Amino acid sequence: MPKGKFESTGYYGVVEDIIDADPRNLYTRSFMLIDAIRSEYFDREGELAIRERRGLALVRAMSTPRRWREQFHLGEVAKGDWLSFELDDSGGIPRAWELRAENNYIADRHRSIKSMRRISGVGAQLQNGDDELSKRLTSATKIPRRKASQVSAAAALQRLGSPGRIEIVVLDVGQASAALIKRNGRPIGFFDVGAPIWFNKGSFPKIRPPLFDRRGFIILSHWDFDHFDLGRRHDPYRNFYWFAPDQPVGPNTANFQFELGRRLKFIDGSATIGGFSLSRGMSTNPNDRNGTGYQLRYEESARAVILTGDTPYDLIQTKMLDNVSALTMPHHAGRSDALPPRPDQSGPAIASYGNPNFYRHPNAETLDLHKNQGWRIETTAATSTSLRGDRTLFP
């Protein structure tokens, strides 16, 4: 290779998450998590490339708001926007880390971002063919949803089965979310079964959550890696019945949906069965997976609790929040201005997060909002007053 030339890797990817820099300091770093596929594979193989792990990667890109704006002219990037970008090993900045699917999403050394541009999204400066390309990418990631069974929310709740003594435990899975549901002391299923992505791997506990037989089920609040990746990593969980909302996803998530096959059922609507209620968030933005995700409520003997997923309180249906005496704080107690409900009885507001994490969770103002509303704060992470560990939501 001639001196000064560096081999580059091209990708198409959809923006999964954005961690903003401090708006008071233009030189602080912001991060984008991108669900990506090698452009050479997609250009050659189309939708078939998404079914193979060899070209898939999660990419964490880091820069300053000023550089995103002046070097790449990205404009206002939003979740759900598609990007076309190249990485090389020149050693320059901005930097990015590849978490390749074929390496089980373990990051290697950082690489340099050679180029990056938006190929979809409001205000994107599109080039010839970008609109058609982004449509093809979006269509390819929808294939698992078009092929999988579509069932009602009631079908998911029916997996909870016959009456019995219910327990709901928010598991310590580090910077992620998972809740275990038990009946008469026996684990029967999960609401979310997440694990931290590589950059937050130091927060994952050494003791793993329990495994149980193939009759188990998983209800996903939404399709973020930190809400399903424990299930992806461990084969026994893949044998469960999976129920999840139909939401836009990127190539890596679509690949996992392909792998689940007939065990995956997409659900919509609301349902109430045997004390359990399942309902979706009210966001009208289809790319807002948090705001269109599911919440699970359980009510018994005039006491109600709710697992909120990542949906902010102002996008949760009022009936789901009425008279709750325990809850999980949305989005790992991340920054939010939405006012929590007041507790019906003295109970915990549980924050599922892990230390260390790059999201700066929990947010101090969010915790104060809950305290001011009368909630008792509990966390799965260690604090100055408690050790890390699982937390009981019900009873």
Side-chain angles (χ1 to χ4, degrees), residues 15-26 28-33 65 75-81 121-122 170 175-177 192 194 200 221-224 226-227 245 247 279-297 304-344 347-355 357-381 383 391 393:
V15 178
E16 288 278 298
D17 204 359
I18 301 172
I19 305 171
D20 292 325
D22 186 342
R24 299 165 294 185
N25 184 346
L26 291 179
T28 58
R29 302 295 187 266
S30 65
F31 300 89
M32 286 191 291
L33 181 64
E76 295 296 325
V77 180
K79 293 182 183 181
D81 288 354
V122 177
V170 179
Q175 183 61 32
S177 290
D192 287 338
N200 295 316
S221 61
H222 64 298
W223 283 105
D224 281 357
D226 61 336
H227 287 252
Q247 296 177 310
S279 185
R280 290 190 76 163
M282 299 183 293
S283 176
T284 58
N285 177 2
N287 288 325
D288 180 9
R289 291 207 295 255
N290 292 349
T292 60
Y294 269 98
Q295 305 85 50
L296 182 68
R297 173 183 168 112
V305 303
I306 185 172
L307 294 158
T308 59
D310 280 354
T311 308
Y313 294 119
D314 55 352
L315 293 177
I316 297 175
Q317 294 189 31
T318 302
K319 65 181 181 180
M320 295 290 284
L321 293 172
D322 279 347
N323 303 317
V324 291
S325 55
L327 53 76
T328 55
M329 293 187 223
H331 205 198
H332 320 279
R335 182 173 180 80
S336 173
D337 297 325
L339 190 65
R342 290 190 176 276
D344 181 56
I350 300 173
S352 177
Y353 70 94
N355 286 321
N357 75 79
F358 285 90
Y359 295 107
R360 300 188 288 272
H361 294 161
N363 178 265
E365 288 80 8
T366 296
L367 296 181
D368 286 341
L369 278 176
H370 286 81
K371 291 176 184 176
N372 294 339
Q373 287 290 86
W375 290 100
R376 183 181 78 251
I377 306 299
E378 293 186 9
T379 70
T380 57
T383 67
R391 302 292 182 242
L393 186 74

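Sequence positions, counted from 1, serve as the residue numbers for this chain. What you see is a predicted model, and the numbers here were worked out from it, not measured in a lab.
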Visitor: Given T311, which partner from the list Q295, H222, R280 fulfils the side-chain hydrogen bond (donor to acceptor under 3.5 Å, both in side chains) test?
Guide: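 Between T311 and the candidates, side-chain hydrogen bond (donor to acceptor under 3.5 Å, both in side chains) is satisfied uniquely by Q295.
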Visitor: Under a 3.5 Å cutoff, is there a donor and acceptor pairing between the side chains of N200 and Q175?
Guide: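 Their side chains do not contain a donor-acceptor pair, so the 3.5 Å distance test is not met.
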Visitor: For the side chain of R297 and the backbone of I306, is there at least one donor-acceptor N/O pair under 3.5 Å apart?
Guide: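 No, because the side chain of R297 does not come within donor-acceptor range (under 3.5 Å) of the backbone of I306.
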Visitor: Answer yes or no: is there a donor N or O on one side and an acceptor on the other, between the side chain of T380 and the main chain of Y353, under 3.5 Å?
Guide: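 Yes, the answer is positive, given that a donor and an acceptor are paired below the 3.5 Å cut-off.
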Visitor: Measure from the side-chain N and O atoms of S325 to the backbone N and O of A304, and report whether any donor-acceptor pair falls under 3.5 Å.
Guide: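 Side chain of S325 to backbone of A304, a donor-acceptor pair under 3.5 Å: yes, one is there.
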Visitor: Quick one: does any side-chain atom of D17 pair with a main-chain N or O of L33 as donor and acceptor, under 3.5 Å?
Guide: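 The answer is no, because no donor-acceptor pair under 3.5 Å joins these two groups.
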Visitor: N363: what forms a side-chain contact (heavy atoms from CB on, under 4.5 Å) with it, not counting sequence neighbours?
Guide: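 side-chain contact (heavy atoms from CB on, under 4.5 Å) check on N363 returns R335, E365, T366.
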Visitor: Which heavy atom in I19 sits nearest to a heavy atom in F358, and how many Å separate them?
Guide: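 Smallest interatomic distance, heavy atoms only, reads CD1-O, 3.9 Å.
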Visitor: Can you tell me which residue pairs pass the ring pair (Phe, Tyr, Trp, His ring centres under 6.0 Å) test with a partner in residues 316-337, sequence neighbours excluded?
Guide: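 Matches after skipping sequence neighbours: H227-H332, H331-H361, H332-H361.
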Visitor: So T379 and P362, do their side chains get closer than 4.5 Å, heavy atoms only?
Guide: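 Sidechains of T379 and P362: no contact.
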Visitor: Between the main-chain N or O of I350 and the side-chain N or O of T328, is there a donor-acceptor pair closer than 3.5 Å?
Guide: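 A pair under 3.5 Å: no.
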Visitor: How many angstroms lie between atom CG of L321 and atom CG of L327, to the nearest 0.5 angstrom?
Guide: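 One finds 8.0 Å between CG of L321 and CG of L327.
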Visitor: With a 3.5 Å distance limit and no angle check, can you tell me whether Q247 reaches the backbone of W223 through a side-chain donor-acceptor pair?
Guide: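 Checking the backbone N and O of W223 against the side chain of Q247, a donor-acceptor pair under 3.5 Å is found.
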Visitor: If you look at every heavy atom in G80 and N287, which pair is closest and at what distance?
Guide: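 Reported closest heavy-atom pair: CA-CG, 3.9 Å.
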Visitor: About how many Å separate CG of D310 and OG of S352, when rounded to the nearest 0.5 Å?
Guide: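 CG of D310 is found 9.5 Å from OG of S352.
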Visitor: Are any of the side-chain heavy atoms of L307 and V170 separated by less than 4.5 Å?
Guide: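 Heavy-atom side-chain distance check passes, below 4.5 Å.
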Visitor: Which heavy atom of I316 sits nearest a heavy atom of M320, and at what distance?
Guide: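 Looking at all heavy atoms of both residues, the closest pair is CG2-CB, 3.8 Å.
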Visitor: Just how far is it from atom OG1 of T383 to atom CG of L367, taken to the nearest 0.5 Å?
Guide: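 CG of L367 is found 10.5 Å from OG1 of T383.
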Visitor: Quick one: does D192's side chain have a donor or acceptor within less than 3.5 Å of a partner on G194's backbone?
Guide: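 Absent.
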Visitor: For L369, is there any backbone N or O sitting under 3.5 Å from a side-chain donor or acceptor partner on W375?
Guide: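 Such a contact is absent between W375 side chain and L369 backbone.
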Visitor: Kindly compute the distance separating CG (D314) from CG (D337), expressed to the nearest 0.5 Å.
Guide: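 Taking CG in D314 and CG in D337, the distance rounds to 9.0 Å.
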Visitor: Can you name the nearest heavy-atom pair linking M329 to A351, along with the distance?
Guide: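 Closest approach of M329 to A351: CE-CB, 4.0 Å.
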Visitor: Can you confirm whether E76 is buried at CD, in the sense that more than 12 heavy atoms of other residues, nucleotides or ligands lie under 6.0 Å from that atom?
Guide: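 Incorrect, the count does not exceed 12.
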Visitor: Could you tell me which non-hydrogen atom of P340 sits nearest to which non-hydrogen atom of Q373, and how far apart they are?
Guide: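 The pair with the smallest heavy-atom distance is O-NE2, 2.7 Å.
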Visitor: Between V305 and L393, which heavy-atom pair has the shortest distance, and what is it?
Guide: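 Smallest interatomic distance, heavy atoms only, reads CG1-O, 3.5 Å.
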